[in-house]
Amino acid sequence: MALDRWPVLRQLRGEDRLGRGAAVKSERSEGLTPRTSSADEVVKSICPYCAVGCAQNVYVKDGRVVHIEGDPDSPVSRGRLCPKGSASLQLTTGEARLHKVLYRRPHGTDWEELELDRAMDMVADRVLKTRSETFEWEDGEGARLRRTLGIASLGGATLDNEENYLMKKLYTALGAIQIENQARI
Amino acid sequence: MGTSFGRGGATTFQQDLQNSDCIVIEGSNMAECHPVGFQWVMEAKARGATVIHVDPRYTRTSALADVHVPLRAGTDIAFLGGIINYVFEHEKYFREYLVSYTNATTIINDRYLDTEDLDGVFSGLDRENRTYDFHTWQYEGMEVQAASGQRDEQYQDRAGGGGTVRHAARGESHGSGGAAISGDPEHDPEMLHTRCVFQVVKRHFARYTPAVVEEICGVPQDLFLKVCEAVTSNSGRDRTTAFVYAVGWTQHTVGVQYIRTAAILQLLLGNIGRPGGGIMALRGHASIQGSTDIPTLFNLLPGYIPMPHAHEHESLDAFIEADAPDKGYWGNMRAYTVSLLKAWWGASATDENDFCFDYLPRLTGSHSTYETVLAQMDGSCKGYFIVGENPAVGSANARMQRLGMAKLDWLVVRDFSLIESATWWKDGPEIESGELRTEDIPTEVFFFPAAAHTEKNGSFTNTQRMLQWHFMAHEPEGAARSDLWFYYHLGRIIRQKLAGSADPMDRPVLDLTWDYPTEGSIEEPSAEAVLAEINGWDPEGRPLASYQQLKDDGSTSCGCWIYCGVYADGVNQAARRKPWHEQNWVANEWGWAWPANRRILYNRASADPDGKPWSERKALVWWDEEKAEWAGHDIADFSSTKPPGYRPPEGATAEDAISGTDPFVMQPDGKGWLFVPSGLTDGPLPTHYEPQDSPFRNPLYRQQRNPVRQVFKRKENRYHPDPESPGSDVFPYVVTTYRLTEHHTAGGMTRWLPYLSELQPEFFCEVSPELAAERGLEHMGWATVVTARNVIEARVMVTERMTPLTVQGRTVHQIGLPYHWGPNGYSTGDAANELVGLSLDPNVHIQEAKAFTADIRPGRRPRGPGRGALVEEYQRRAGIGEETGMAI
């Protein structure tokens, strides 16, 4: 390395006397660009954690999310994100996420892998079977029930409105009423 | 809030906190749990506002507040009731607001008896069934139907004879009454009548003096009076105070009444519907407001239409007649309900078949998540979907949750990673202790990987009722799918399997409108098409612009009437992104808020009865005489052209019955309710009751606890002995649970992230140096925390942030437990919810996780069978049996 590239010399000789900018840049750091600048597309999103509703800019390159930042245009968050929102790149692209359907058979001691279509079909069968076995038309005194107490569901507060809507609609048509979410908790 | 104001949503929006002159944060640690929203509190502070934090713990919120008030967990009604008493005693109420906008002048019937008369209970208590008959709480000369809350209460009275609720759980049952339905209430505008609401409320809170507040809450009188002075001097024509709360208020056996107390105070001070005022409910999940609006809740249909209860021969008309008030916007409930039935059953829903009203399944009492767990343990509930939630560690009495799951035939878990609710059969605490053996558990378990928010289109409704659209960045990988995909395709497959069936059981499924367009390689259903259905269509199939267009004749359809307008003009209004610096501070052009894109609810109250702002400084909406319409910074939460001078003609119904001076348009009388004549199961006014597990007697009344709280006699769910009875000293400490910035609820979205796990690597408990000395606890060492339900271990953090308080002459120590943990993921620990018993608020069935008692001792908890043995030993020492804590 040439002596005149030595940061201390550059700091003393150049304009960056505090060593916070140009003086401390190496050739490597000088060549770095933010992931946001090379993204193909910025997708508008909302943080999925708490209900403050901070807006996010999702940076996409080659069909993959490469960075997530706060959206400065939001009247609620004005570009800020908390530690959880800032970690949402890891939430969405991290290695802890699973991408396979797993199945544990009755009394089984471990998981088995299952194809998605097969699993969907199995769940549909179980819903129909349980519904038939537990369906109630009337109570003991003639009041209409038209329902099943055999099937329950928990969750919704982390989901989209459209998802909650389809859930409630389908469950209600099936006669399932024990439909709950974290608003109760 | 629903019963006080008419709608169960935050009355204001986060940015409006910047306009407050005083902000009281109570039951919330906003700086840590909603840090980005907290910037608006800091804006207010920078403008000179006083910020007060009332909380058992000293947190970052306290550090940034002007005043921190440590209080004993579970005593907020006494604290707020004390402020109410101060307001009456020093005549600090906003008289003109009170007279015009609240039910302060309304006369209550002479059969009403208060907790002051009956030593802690209200008239109408049925001790045997642990329920109240609300009939004696009514207005003189009239019966009113609530706009929210328990509306089936009056089925018998309103729908006439013949219908009875069978097997009804407490809360939804009703008396045999038969009182008149119509009529106008009597008023005393001078508020001097001994039975007018003003005087009733004043008497009710008269004993909540500063000395009583000190005795119950452990708050010194001078500190309490400082809060009273700050709140009252910052309320009135020219100044406003806001209250901010979170689950620190809801998770109690009297949680609804906590919020009611704040509502009464804010109405007395004239702080509702005005800039810088209101009650800000801070919710913890991205769309928890949305999942209540479009409810995945047992007792509601979309838009807060109640689910029907089982009655003989019930028709749509009987349902509407029983549940809908005649006056206020709920007077149009038939239009909302018929439009919903049309959205769900389309052409099959006709006038002749009651628009398929009969397709709706019926309730018989409470079917909340906790009753469901009991049904699972008893074997009657056999199949369970868990969707983005983690009850195995995140729900109260976590062990019961797992024991319930171990009895299921099948379980479907949809999440990002293998959360505890998916793996309890393999490595849960009961497997470790030997209580259950994997090979013995019959439950079939399916784990489906979920799509992230970046992998799907859709809307979240945030804490201020605002819908914001998020766009798909790319399709999910592998078998990961959105819940929209899962439920759409599950429904499609089920309908395929049932095709051609003649079984009447299958009709509702086969007649369902279920033809959503799909997109992309994975056939993702179009979220925008679903949003369009939620918004609804007019008879020509054009998107509706407002719920005022909805008809009760089947010509309109609408999946959720309060969301009608979100797709006005065929435009996704929730996706609007006009930057904040290009519009006024209300920012109505960013996203879309229900109702009708109004950002401050009941904002008619920001103007005086004549329609002029109470003051220039607090102007929000006003009557524009020239244009003959309401104008202002926000959209008026009122008929846009109804003048202040409008008076309803004789016999008017629905919104026409609301006068030009009534801001609470959902309420049948258009008023904010200081006193709630119907809609609440546990009384028309809030009363201080001790938590289910408490080390102290209730000094106000002989009645110790909320008499109609929900309790369960189960061996897995034992309660602690009454205070001052034998064994009560076995669990001497008060426990409260809470959240941290770096983790989210039960950890499913944070404990698997390396960054966040590094920031908060394991479970801990917070104790004061005094408690540490008393029990020999060492900072960074281990502690074992025990209740009659279970035992857990935690790292010890000794900190002065936990303040010992003096209550009834005794020192009380409080223990803080963050509740994010479980054994899976990178950041691990025991679940605080193992300790929490099921004792619930009777209105909303929420558990009391924010105030209970426990013992704490140094060292780690036992492994294997020793774990259960230790709990049993504690139960024996305390003399706990099935009747312990069950007294009414």
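For the numbers below, each heavy atom of this structure counts, side chains included, while hydrogens, waters and symmetry mates do not. Within every chain, numbering begins at 1; the chains are lettered A, B, ... in the order of the sequence lines, protein sequences first and strands thereafter.
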Subject >> side-chain contact (heavy atoms from CB on, under 4.5 Å) against A/Arg147, all qualifying residues, sequence neighbours excluded >> reply: A/Glu136, A/Leu145, A/Leu149, A/Ile177, B/Pro361, B/Thr364, B/His367

**OP:** Please flag which part of A/Ser86 lies under 4.5 Å from any non-hydrogen atom of chain B: side chain, backbone, both or neither.
**Re:** neither

Original post:
Between the side chains of B/Gln15 and B/Gln464, does any donor sit under 3.5 Å from an acceptor?
Top reply: yes

Original post:
Relative to chain B, which segment of A/Ser74 carries a heavy atom at a distance below 4.5 Å: side chain, backbone, both, or neither?
Top reply: both

Original post:
When the ring centroid of B/Trp514 is compared with that of B/Tyr487, is the distance short of 6.0 Å?
Top reply: no

Subject >> NZ/NE/NH1/NH2 to OD/OE distance under 4.0 Å, A/Asp110 and B/Lys426 >> reply: yes

Original post:
Hey, would you say the A/Tyr103 and B/Phe447 ring centroids sit under 6.0 Å apart?
Top reply: no

Original post:
Between A/Arg126 and A/Met122, is there a donor-acceptor pair closer than 3.5 Å when you use the side chain of the first and the backbone of the second?
Top reply: yes

**OP:** Counting only heavy atoms closer than 4.5 Å, note whether A/Ile68 contacts chain B via side chain, backbone, both or neither.
**Re:** side chain

**OP:** Could you look at A/Trp111 and say if it's the side chain, the backbone, both or neither that has a heavy atom under 4.5 Å from chain B?
**Re:** both

Original post:
Which bit of A/Val60 comes within less than 4.5 Å of chain B, counting heavy atoms only: side chain, backbone, both or neither?
Top reply: side chain

Original post:
With a 4.5 angstrom heavy-atom cut-off, which part of A/Val52 approaches chain B: side chain, backbone, both or neither?
Top reply: both

**OP:** Could you tell me which portion of A/Lys100 (side chain, backbone, both or neither) has an atom closer than 4.5 angstrom to a non-hydrogen atom of chain B?
**Re:** backbone

Subject >> Residue pairs involving residues 159-179 of chain A (criterion salt bridge (Lys or Arg N to Asp or Glu O under 4.0 Å); sequence neighbours excluded) >> reply: A/Glu163-B/Lys456, A/Lys169-B/Glu533

Original post:
Of the backbone (N, CA, C, O) and the side chain (C-beta and beyond), which part of B/Asp415 lies under 4.5 Å from a heavy atom of chain A, both, or neither?
Top reply: neither

Original post:
For A/Tyr59, is it the side chain, the backbone, both or neither that has a heavy atom under 4.5 Å from a heavy atom of chain B?
Top reply: neither

